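Beneath this line is the structure, given in structure tokens, with notes to follow.
Everything numeric here is computed off the predicted structure, so don't read it as measured data.
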Amino acid sequence: MCECCVSNEKDIYLPQPATITKRRMLNGTELFLHLELDGGKELEYMPGQFVEVSLAGIGEAPISISSSPTQKGLELVIRNVGTLTRAIHKLQVGDKLGVRGPYGSTYPVEQAKGKDLVFICGGIGLVPQRSFIRYVLDHRDSYGKVTVLIGTKCFEMRLFREELAMWEERRDMRVMETIDEAHDCWSGNVGVVTTLIPKIEKDLPGSLVSICGPPVMYKFVLMALAEVDVPQDSTFVNLERKMKCGVGKCGHCQINQYYVCQEGPVFRYSDLAHVPEAI
Amino acid sequence: MSVSTVSKDQFKQFVEALIRSDQRVVGVQQRNDRFVFDDLATADALRLDYDVTILSPRKYILPQKEPLLQFAAGESYTPVHEGAPMVLLGVHPYDMASINQMDQLFSQDEYDSHYMNRRQHITVIACDVVTPSENVFAASMGTATVEKGYDMLLTDIGDAYVVQAATDKGKALTNLMPQARPASEADLDKCRAVQEQNQQKLNQHVLECKPSYLPKLLEKNYEHPVWEEKARLCYSCGSCNQVCPTCYCFDVQDEVNWDLKSGTRYRAWDGCLLEDFATVAGDHNFRKNRSDRFRHRLYRKGKYVPGKIDGQIACVGCGRCITACTSNIANPVDVYNQLMKRTDIG
Ligand SMILES: Cc1cc2nc3c(=O)[nH]c(=O)nc-3n(C[C@H](O)[C@H](O)[C@H](O)COP(=O)(O)OP(=O)(O)OC[C@H]3O[C@@H](n4cnc5c(N)ncnc54)[C@H](O)[C@@H]3O)c2cc1C
Ligand code: SF4
Ligand code: SF4
Ligand code: FES
């Protein structure tokens, strides 16, 4: 090996060890983790970015950062869908995992200053949006009205219930939730997340709107927003794609000319509206 | 640049000396009726008159499977950098052009030290084409000859080679050619003639536009019947990706040792024509249809990758995909020309 061209610090595929300091199940499939990087280091990230989470011998997956840089440590929410995520679900407080990043584009936290904000979240889409929302709440005076719409498939799947209850009590933000299927313990809205949009219709046109949810959700939400003339350049989407490297090399995340791991996952909708395959 | 001439006998002695040196020497050799890059045991085995190799020299620069990291218990990772000195002997200009593109792609933005370390340990001896292959169209792509990237370039002028040493590594190699003499004007004329001829001859499929038009041509033809017409016959076998010198997409996988704790994280070639290349959780496939994947490959060559490397087209006209595709649909020129027929590119 030749030392001149090789430095470990610059190795783009090298995870840093981190330790799980808190863990709890948010529902039957989603695990919440609070991590601290070993050696007391802090990851310098902004809302919207993601990390590659690694378990030696199993592999890596891109996972959105759910905490805000205004707090200590790193919070992630991991849905149990396959080999790596299943193994992560078995980890306990004190166990280690590897983290590299942060990667990708950020939510427009600067551009949003002074504006009214609307967050539209479907299912696990609340996870990255929570980073932006918490950032805004920690700089509350810099932003206008804050509205959060949350749609969840069923009552049992609802995420961050205590935190949502706290948000609902705040007078400086508005939270509206809906679930797709009615449930005995639920007296709130029933229906998909788009059914909440008419309720805030008059606030939408001047607002900056941030959307995150499963691939099928975008089309319907964007159609509903178009009907009330929300400009495409004040709408932001957070897209999921297959990813392997996170650093613009492996080709997996590509949507046409865009590398989602670098130019995304957060996109201004006007940049994507004419890109086939994107939405 | 220093330019000299060596006779073919003297060149053979040079190759013998190279093989005896402490570097690994990989050169083009015949296997049955085709050619491959492989470790060179004798100078006699080297075939610089080859037409095209089955796989491109990419297999040494971005190997099919390459370790990135070693891991041990407790999430401890150590990078692996495997680069060892190697001479790649007999790289054709179109393949050199593809290596130049990869060099840019792996060094810009996020610097890939694994690729770059391996690359910096490789000395490339390129050679101008002697025998055009049945499907080469490098002349259409502007890659029938190449100006940079190699350490040394050989041009066959009949009974001798004109040798251009372009870098310090290349000049150091000329020490192993003590009998080389400065190239005469006549030698240089012959050398230029070979190159000019190749710029005409290496053109079995003629692209009906300048390569620089391709991004615009593609931009106008996302919805075009040709994608479905061709892709109907596609097996999603990925052979066109495997043989292509400019394909560099990869997968990352872990392999665990017997102790079940330590092991290696590898990267391995992947291909955008394979069905699950863009599939995520919930079995959602962002390019489910064969035609989406078929189109993606040609857009990557003609539009997306060029957008990253100052407009250079990421097809160098080697023709390997044409030969490899059993359905006979992978020919980029055929697709681009069909688009040309129905488009006014202004
Ligand atoms: C930018 C980004 C942010 C994400 N944020 C989160 C998050 O906060 N929480 C969360 O739980 N998940 C998130 N995901 C999805 C998560 O990366 C995948 O669920 C995970 O990679 C599955 O890995 P696995 O080994 O458990 O599954 P596997 O056993 O590999 O496969 C199970 C299923 O997941 C699919 N899959 C494999 N790799 C990926 C991949 N890289 N991306 C998406 N699907 C994949 C497979 O095709 C298969 O259908 C995010 C994905 C992206 C691109
Ligand atoms: S080689 Fe031909 S059949 Fe195979 S994936 Fe490529 S285009 Fe399809
Ligand atoms: S697309 Fe085909 S002709 Fe072009 S560089 Fe790749 S293998 Fe060669
Ligand atoms: S994830 Fe590898 S290029 Fe984006």
Select one option (side chain, backbone, both, neither) describing which atoms of [X] are under 4.5 Å from chain A's heavy atoms.
| X | answer |
| --- | --- |
| N257(B) | neither |
| Q108(B) | backbone |
| Y115(B) | neither |

Q: Among E60(A), M243(A), H252(A), R79(A), single out the residue with the greatest number of heavy-atom pairs under 4.5 Å to chain B.
A: H252(A)
Q) If you count heavy-atom pairs under 4.5 Å between each of I58(A), L55(A), D38(A) and chain B, which one has the most? A) L55(A)
Go through the atoms of [X] and report whether side chain, backbone, both or neither lie under 4.5 Å from a heavy atom of chain B.
| X | value |
| --- | --- |
| Q16(A) | neither |
| Y259(A) | side chain |
| T85(A) | neither |
| P215(A) | side chain |

Q. In terms of heavy-atom pairs under 4.5 Å with chain A, which of D112(B), V80(B), L105(B), V305(B) leads?
A. D112(B)
Q. Between R267(B), K308(B), Q253(B), E223(B), which shows the greatest number of heavy-atom pairs under 4.5 Å with chain A?
A. K308(B)
Q) Rounded to the nearest 0.5 Å, what separation is found between the CZ atom of R297(B) and the SG atom of C234(B)? A)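 Reported to 0.5 Å precision, the distance equals 9.0 Å.
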So, [X] side chain and [Y] main chain: donor-acceptor pair closer than 3.5 Å or not?
| X | Y | result |
| --- | --- | --- |
| E263(A) | V260(A) | no |
| Y218(A) | V237(A) | no |
| T264(B) | Y266(B) | no |
| D254(B) | G263(B) | no |

Q. Considering only heavy atoms from C-beta outward, does the side chain of C253(A) approach that of K242(A) to under 4.5 Å?
A. no
Q) Has R293(B) got its NZ or CZ under 6.0 Å from the middle of the six-membered ring of W227(B), at an angle within 45 degrees of the ring axis? A) no
Q. Centres of the Y45(A) and F50(A) rings: under 6.0 Å?
A. no
